[in-house]
Amino acid sequence: MRYSEMFLPTGREVPSDAEIISHQLMIRAGLIRKLTSGIYSYLPLGYRVIRKVEQIIREEMNRAGAQEVFLPMVQPAELWQESGRWEYYGKELLRLRDRHDREYCLGPTHEEVITDLVRNDIKTYRQLPRNLYQIQTKFRDEVRPRFGVMRCREFGMKDAYSFDADEAGAEVSYEKMFAAYTSIFERCGLKFRPVEADSGSIGGKYSHEFMVMAESGEDAMIVCEKCNYAANLEKAEIARPEKKETGEKDKLPLESVHTPNVRTIEEVSAFLKVTPRDIVKTLIFNADGKPCAILIRGDQEVNEIKVKNYLGINELTLAEDDMILHATGAPRGFAGAVKIKTRIIADYSVMNMVNFVTGANKEDYHLKNVNIGRDFNVESFADLRVIEKSDTCPRCGGGIQFVRGIEVGHVFKLGTKYSKALKAVYLDRDGQEKIMIMGCYGIGVGRTVAACIEQNNDENGIIWPMPLAPYQVIITPVNVNEGQVLQAAEKIYKDLLFRGVEVILDDRDERAGVKFKDADLIGIPLRITVGQKNLAGGNVELKERKSGKTTIHPLQNIVSAIEKSIAGSINPVAGKQT
RNA sequence: CGGGGCGUAGCGCAGCCUGGUAGCGCGCCUGCUUUGGGAGCAGGAUGUCGAGUGUUCAAAUCACUCCGCCCCGACCA
């Protein structure tokens with residue numbers, strides 16, 4: 001493409017509403033423009049990158065045996081009512097009505113549609129397993145879109161769904177997708193890692209998120225320094241400690257202390273001259289409408305997702321004042337496990353505590369020397385807290401590190417959540433009706449592009465890895481008014497086009513500096529500079545965007561040098577297509 | 001949904017407090033010079049000042065209402 005004919009508006013100024021580097025660069029390099037909050041247009045350069053990612057996804061999905069479909073974006077309410085998510089999904093689901101006043105939603109994901117499709121046309125185990133995928137625009141009415149295409153409302157996503165006859169088959173499907181995702185992100189040239197994650201509102205048993213490592217990432221995770229355990233902070237497990245028996249004689253007599261207006265952990269520890277580690281924090285939660293007490297050591301934090309999963313409930317919030325009053329008999333700030341009128345679940349952190357401090361369930365009083373077993377009993381001990389720097393790997397006991405990342409892919413084992421609700425059943429070998437086992441697998445396409453920029457940029461702009469680069473080469477004639485220079489550049493341009501290289505010829509009548517700056521900003525991996533000086537010796541200059549290294553090549557060798565460089569930096573599809 | 005901020009030329013911003021001719025830089029157009037890292041000089045175009053209502057002789061400026069956008073929080077594949 002000739003630069004002079006391209007729609008490629010680049011900018012020098014950093015847009016005022018772009019916070020993170022990828023957002024700034026995507027606007028400055030003319031990849032995207034915002035239409036309205038959380039909704040973006042992709043310009044030609046940006047769309048080329050999107051298509052590169054999509055193509056890699058297609059190749060790897062096909063190779064894994066998945067088949068591409070294209071599903072509707074507008075979906076009838078009935079289907080969502082059938083799965084129960086019309087009620088459950090909340091405001092993120094954009095609902096609309098047609099001229100007949102019938103209700104629809106814009107698809108934020110496609111479990112319902114795909115399950116409906118499959119249940120109508122798959123009847124026997126002979127037709128299983130199947131894995132169908134699509135690359136579609138999704139709409140989620142995010143509360144707060146931000147970071148450009150990283151968290152937006154309308155976004156491109158690849159979603160795949162697997163249907164299996166049994167658990168063992170579902171496991172195989174999951175493993176295949178896990179492997180395909182690994183190939184996809186490797187081919188994109190990203191530094192990433194799969195981490196164990198909570199499965200969120202999509203539901204299902206367990207899942208892995210594919211995280212692109214980036215400081216600006218919205219997700220926090222921990223990685224083990226020794227083994228390959230890595231997990232989202234929400235999910236990161238904490239090993240059960242060993243139970244130490246305390247002799248009855250070590251338990252000091254229970255004592256009630258007047259603590260006027262002393263409520264928070266900080267206030268209590270200061271008032272009683274103890275550390276937060278000596279206090280057991282009693283949090284009253286509203287668990288699907290019923291109160292539940294969660295005990296945890298005073299210096300630690302409850303992981304609400306763990307609590308939610310442990311209790312197997314839908315909604316968990318900290319209890320309102322009147323629920324606390326009702327459950328404890330005291331206002332907020334004085335809750336304790338002794339004689340409380342709720343279930344009591346304790347985090348492992350309190351399992352071995354002795355002679356600790358708690359609220360007294362009485363206004364302005366706390367208890368000292370409280371002991372489990374003697375003063376109260378807990379229903380069970382469980383892993384309910386947020387992992388901390390001082391914790392160790394739950395698998396191998398090694399040290400852990402806290403890192404941040406961008407979630408670009410997520411693979412779920414859905415089980416029968418949707419197939420059961422929507423009655424996606426088949427007949428097995430024995431003529432028995434069985435429910436299909438599902439899996440679902442997503443990749444954020446736009447987000448992958450943004451994540452790539454987060455990992456590959458410098459003060460001059462984007463540095464595309466070759467597999468995602470919108471163009472592989474840019475030819476920069478230093479001065480288009482010098483006939484020989486332009487002619488030489490045109491010749492190289494035609495030769496490269498002929499060889500199938502994706503190339504831009506910067507034929508604009510601009511000063512060299514402007515062209516260099518633009519070439520760097522839009523991040524084309526290879527730049528051929530054609531200038532009077534080198535040309536006099538029959539040479540041109542090749543500059544690598546990533547390393548900044550320049551090499552001089554005779555005119556007749558430049559095309560082969562380029563082809564060699566490109567071949568060396570594209571990860572081809574391994575193995576044959578199916 | 002709660003808190004805060006912003007809306008003035010394509011982009012980045014000043015002007016508003018203290019009402020009276022709408023400005024600056026970049027970009028854009030024309031000409032001349034320049035030509036290996038965002039050139040110089042000269043000339044030029046571009047605005048419902050987010051919208052509406054009110055106060056006033058007079059509103060970008062003051063008041064009220066609405067809309068949009070951004071940030072923090074809550075929420076969230």
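A note on names: the letters A, B, ... follow the listed sequences, proteins ahead of strands, and every chain is numbered from 1.
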(request) Please indicate whether A/Gln55 has more than 12 foreign heavy atoms, meaning atoms of other residues, nucleotides or ligands, lying under 6.0 Å from its CD. (result) yes

(message) Counting neighbours of CD on A/Glu103 that are heavy atoms of other residues, nucleotides or ligands and sit closer than 6.0 Å, is the number greater than 12?
(response) yes

(request) Anything under 30° is parallel, anything over 60° is perpendicular, the rest tilted; go ahead and classify A/Tyr181 against A/Tyr441. (result) perpendicular

(message) Ring-plane angle category for A/Phe412 and A/His410, please: parallel below 30°, perpendicular beyond 60°, tilted otherwise.
(response) parallel

[atom1] of [X] versus [atom2] of [N]: gap in Å, rounded?
X        : N      : atom1 : atom2 : answer
A/Glu482 : B/rG36 : CD    : C1'   : 10 Å
A/Leu486 : B/rU35 : CG    : P     : 18 Å
A/Lys543 : B/rG37 : NZ    : C1'   : 8 Å
A/Glu218 : B/rC75 : CD    : C1'   : 12 Å
A/Ile39  : B/rG68 : CD1   : C1'   : 13 Å
A/Leu8   : B/rG10 : CG    : C1'   : 16 Å
A/Arg153 : B/rC76 : CZ    : P     : 18 Å
A/Arg33  : B/rC69 : CZ    : P     : 18 Å

Base paired to [N] (Watson-Crick or G-U; both N/O distances under 3.5 angstrom):
N      : answer
B/rU65 : B/rA51
B/rG23 : B/rC13
B/rA74 : none
B/rA60 : none
B/rC41 : B/rG31

Contact class for [X] vs. all strands (heavy atom < 4.0 Å): base, sugar-phosphate, or nothing?
X        : answer
A/Gln532 : nothing
A/Asp159 : nothing
A/Glu13  : base
A/Asn460 : nothing
A/Arg527 : base
A/Asp509 : nothing
A/Arg28  : base

(request) Output yes when at least one side-chain N/O atom of A/Arg511 is less than 4.0 Å from OP1 or OP2 of B/rA39, else no. (result) yes

(message) With a 4.0 Å cutoff (strictly under), does any side-chain N or O of A/Arg151 reach OP1 or OP2 of B/rC76?
(response) no

Could you measure between the two [atom1] atoms, the one in [N] and the one in [M], and give it in whole Å?
N      : M      : atom1 : answer
B/rA59 : B/rG54 : C1'   : 11 Å
B/rU21 : B/rA58 : P     : 15 Å
B/rU18 : B/rC72 : P     : 33 Å
B/rC6  : B/rA63 : P     : 13 Å
B/rA9  : B/rA22 : C1'   : 11 Å
B/rC64 : B/rC69 : P     : 23 Å
B/rG50 : B/rA45 : C1'   : 24 Å
B/rG44 : B/rG23 : P     : 14 Å

(request) Sort out for me which residue in A/Ile284, A/Leu283, A/Val302 forms a side-chain contact (heavy atoms from CB on, under 4.5 Å) with A/Leu318. (result) A/Leu283

(message) With side-chain contact (heavy atoms from CB on, under 4.5 Å) as the test, pick out the partner of A/Arg527 among A/Leu542, A/Asp520, A/Val473, A/Ile504.
(response) A/Asp520

Between the protein and nucleotides 70-72 of chain B, list every N/O to N/O distance that falls short of 3.5 Å.
from: B/rC70; atom 1: OP1; to: A/Lys34; atom 2: NZ; distance (Å): 3.3
from: B/rC70; atom 1: OP2; to: A/Ser37; atom 2: OG; distance (Å): 3.1
from: B/rC72; atom 1: OP2; to: A/Arg144; atom 2: NH1; distance (Å): 2.7
from: B/rC72; atom 1: OP2; to: A/Arg144; atom 2: NH2; distance (Å): 2.5

(message) My understanding is that only residues two or more places apart in sequence, or in another chain, count here; which of them pass ring-ring contact (aromatic ring centres under 6.0 Å, His included) with A/Trp464?
(response) none

(request) Could you tell me the separation between the NZ atom of A/Lys308 and the CD1 atom of A/Ile313, rounded to the nearest 0.5 Å? (result) 7.5 Å

(message) Distance check, rounded to the nearest 0.5 Å: A/Leu505 atom CG versus A/Ile475 atom CD1?
(response) 5.5 Å

(message) Let's test your reading of the model: under 3.5 Å, does the base of B/rG37 pair with the side chain of A/Asp520 as donor and acceptor?
(response) yes

(request) Decide yes or no, distance alone: a donor-acceptor N/O pair under 3.5 angstrom between the base of B/rG36 and the side-chain of A/Glu541. (result) yes

(message) Counting only side-chain heavy atoms from C-beta out, which of B/rG38, B/rG36, B/rC76 sits nearest to A/Val514?
(response) B/rG38

(message) Using the side-chain heavy atoms of A/Glu92, tell me which of these nucleotides is nearest: B/rU35, B/rC76, B/rG37.
(response) B/rC76

(message) By nearest heavy atom, map A/Val445 and A/Lys91 onto RNA chain B; which one lands nearer the 5' end?
(response) A/Lys91

(message) By the salt bridge (charged side-chain N to carboxylate O under 4.0 Å, His left out) test, which pairs, at least two apart or in different chains, include something from residues 15-34 of chain A?
(response) A/Asp17-A/Lys34

